[in-house]
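Following: one structure in structure tokens, then a few remarks.
None of these values were measured; they are calculated from a predicted model. Every chain is numbered from 1 and lettered A, B, ... according to where its sequence line falls, protein lines coming before strand lines.
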Number of protein chains: 2
Amino acid sequence: MAIRAADSIFETLIDEIMAGQMVPGEPLVEQTLAEQFGVSRTPVREALHRLEQACLAERGARRAFVVRRMAPEDLAELFEATGEIESTLAALAAKRMSEIERRKLETVLDEGDACDDPAAYSEINSRFHEIIKSGARNSILASTLDELNLRTLAWRAANFREDSRRLASSRVEHRGITQAILSQDADTTRRQMCSHVASSYIVLSDILARRSPDRSGPQF
Amino acid sequence: MAIRAADSIFETLIDEIMAGQMVPGEPLVEQTLAEQFGVSRTPVREALHRLEQACLAERGARRAFVVRRMAPEDLAELFEATGEIESTLAALAAKRMSEIERRKLETVLDEGDACDDPAAYSEINSRFHEIIKSGARNSILASTLDELNLRTLAWRAANFREDSRRLASSRVEHRGITQAILSQDADTTRRQMCSHVASSYIVLSDILARRSPDRSGPQF
DNA sequence: TTGCAGTGACATGTATACAATAGAAAGCTA
DNA sequence: TAGCTTTCTATTGTATACATGTCACTGCAA
């Protein structure tokens, strides 16, 4: 077999979580999944253990796996961690990006300004952040950021909406970040990125604020 | 069995890597380990996959697992990432630690000043960093730091020596960090912690500097 | 001597059977 | 009926056999 079954099952499950077909709390039973994928329990088992390590699955009743639920407090920590690491990457990138990368960043910025379609802007936004991530010259921090972003998959699948009002402010923030990077000002870059990420997930604050204090327990 | 075999094998292997009994490049063969542990290949297999995900094992010849080797450049990235995350935790802690925690930090600082035994100081040093880590109120960043520290296990087992000259400067740096935290100055805390971590691993820079440029390839 | 195809061995990948465990539900007793 | 014990079942944990794949080595041919 060219590709290992365990790998493709792992990725398929991630895709389904990302697509919202697998919602938090949904059971992940080895036998059932094995039949669905037409394989034995062994590769399914491996995929589930990898999901657990990636914090996308957890143990439910009877040691069974379920798609991981997260309390809003956990999500808040997760988003904060994501923001801090991306800010760190941006600060490093401000000092280390090559001239070519800096010009590339400006190009993407201009593309974003010229784009009004939310879906297309989302792709441009990804490229913007990718350039910064690779410009930091630290693959460990970069992959750490990727892992943390992966954990928010299920939540984003269920809660994230393209918000056209965010689009305008996002453009402004990107410009601020870019200027700070171009002037190689690491501290300013960090601050700008930090507030950019924070405002991206302002939705979460709303949700947290709306929750009555006694309604605790996993929600997502 | 009260505890899963896979878990105890995983931890035993980590302990052996930490103790330097398993050196980088050493083969980890499922069948061999299964016989040593008196179990079947199945739990060993799971343990090895977990080691691989934790970046402590990698694939060698014929897809076989070996204890992970790291090029000095990888180590440099790893230490940088560790330092940046710990600095971020310190910056957050400066704003968030309770009065009790701040006093506890001072207590540990005094203990460190009064301690001349390198081994005992090492334990005090750990407590100092633990207080900061938990004071940041972000378990995601905290566990991320733990994971990264775990990756340096094999290297530390082989290369780390208690250096009594470092002890004095470490004390000074800890004092600087503590003062910055007590005055709730997040930016200064970050800078102090960043340079503290950097000087802790100054040894690595020496190793990197001594290497001739053409001698590339995994070393540790 | 060099290049390449065939072969063999070693290590992992997968399938399947059986064991163990942990909740849930049923039943029993005060 | 509350609380305890027992039993039962769903699900994972482990053992073992077989399949697959990869690399090294051999031997032959140009």
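Each of Gln31(B) and Gly60(A) was assigned the nucleotide of DNA chain C with the nearest heavy atom; the assignment lying further toward the 5' end belongs to Gln31(B).
A donor-acceptor contact closer than 3.5 angstrom links the side chains of Glu173(B) and Ser199(B).
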Could you walk me through whether Ser139(B) and Glu77(A) pass side-chain hydrogen bond (donor to acceptor under 3.5 Å, both in side chains), step by step? CA-CA 7 Å; Ser139(B) 60; Glu77(A) 280 194 7; 2.5 Å; yes
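Across residues 39-46 of chain A, Arg41(A), Arg45(A) each have a non-hydrogen atom less than 4.0 Å from an atom of DNA chain D (numbered order).
If you take CD1 of Ile9(B) and C1' of dA15(D), they are 13 Å apart, rounded to a whole angstrom. Atom C1' of nucleotide dT12(D) and atom CD of Glu58(A) are separated by 16 Å, given to the nearest angstrom. Between the CD atom of Glu30(B) and the P atom of dT14(D) there is a distance of 14 Å, given to the nearest Å. Rounded to whole Å, the distance from CZ on Phe65(A) to P on dG23(C) is 14 Å. Rounded to whole angstrom, the span from the CD atom of Glu52(A) across to the P atom of dT12(D) amounts to 11 Å. His49(B) places its NE2 atom 16 Å from the P atom of dA11(C), with the value rounded to the nearest Å. Spacing between atom CZ of Phe10(A) and atom C1' of dG13(C) amounts to 18 Å, rounded to whole angstrom units. Distance CZ (Arg4(A)) to P (dT12(C)): 12 Å, rounded to an integer number of Å.
Leu28(B) comes within 4.0 angstrom of the backbone, heavy atoms only, and of no base. Using a 4.0 Å heavy-atom distance criterion, Arg62(B) is classed as a base contact. Across all strands, Leu33(B) comes closer than 4.0 Å to no nucleic acid atom at all (heavy-atom distances).
With sequence neighbours excluded, the residues forming a salt bridge (charged side-chain N to carboxylate O under 4.0 Å, His left out) with Glu111(A) are Arg127(A), listed by chain and number. Judged as a ring pair (Phe, Tyr, Trp, His ring centres under 6.0 Å), and not counting sequence neighbours, the contacts of His49(B) are Phe65(B). Looking at residues two or more places apart in sequence or on another chain, you find a side chain to side chain contact (heavy atoms under 4.5 Å, CB included) between Val67(B) and Ile17(B), Met22(B), Glu26(B), Leu28(B). For Asp74(A), the side chain to side chain contact (heavy atoms under 4.5 Å, CB included) test picks out Met70(A), Ala71(A), with sequence neighbours left out.
Taking the side chain of Ala64(B) as heavy atoms from C-beta on, and the options dT12(D), dA11(C), dC23(D), the nearest nucleotide is dA11(C).
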Listed pairs under 3.5 Å, donor-acceptor, residues 85-98 of chain A side chains, sequence neighbours left out:
from     : atom 1 : to        : atom 2 : distance (Å)
Glu86(A) : OE2    : His129(A) : ND1    : 2.5
Ser87(A) : OG     : Gly83(A)  : O      : 2.7
Ser87(A) : OG     : Cys194(A) : N      : 3.2
Thr88(A) : OG1    : Glu84(A)  : O      : 2.9
Thr88(A) : OG1    : Arg190(A) : NH1    : 3.0
Arg96(A) : NH1    : Ala136(A) : O      : 3.1
Arg96(A) : NH1    : Glu80(B)  : OE1    : 3.0
Arg96(A) : NH1    : Glu80(B)  : OE2    : 3.3
Arg96(A) : NH2    : Glu80(B)  : OE2    : 2.4
Ser98(A) : OG     : Glu101(A) : N      : 3.1
Ser98(A) : OG     : Glu101(A) : OE1    : 3.3

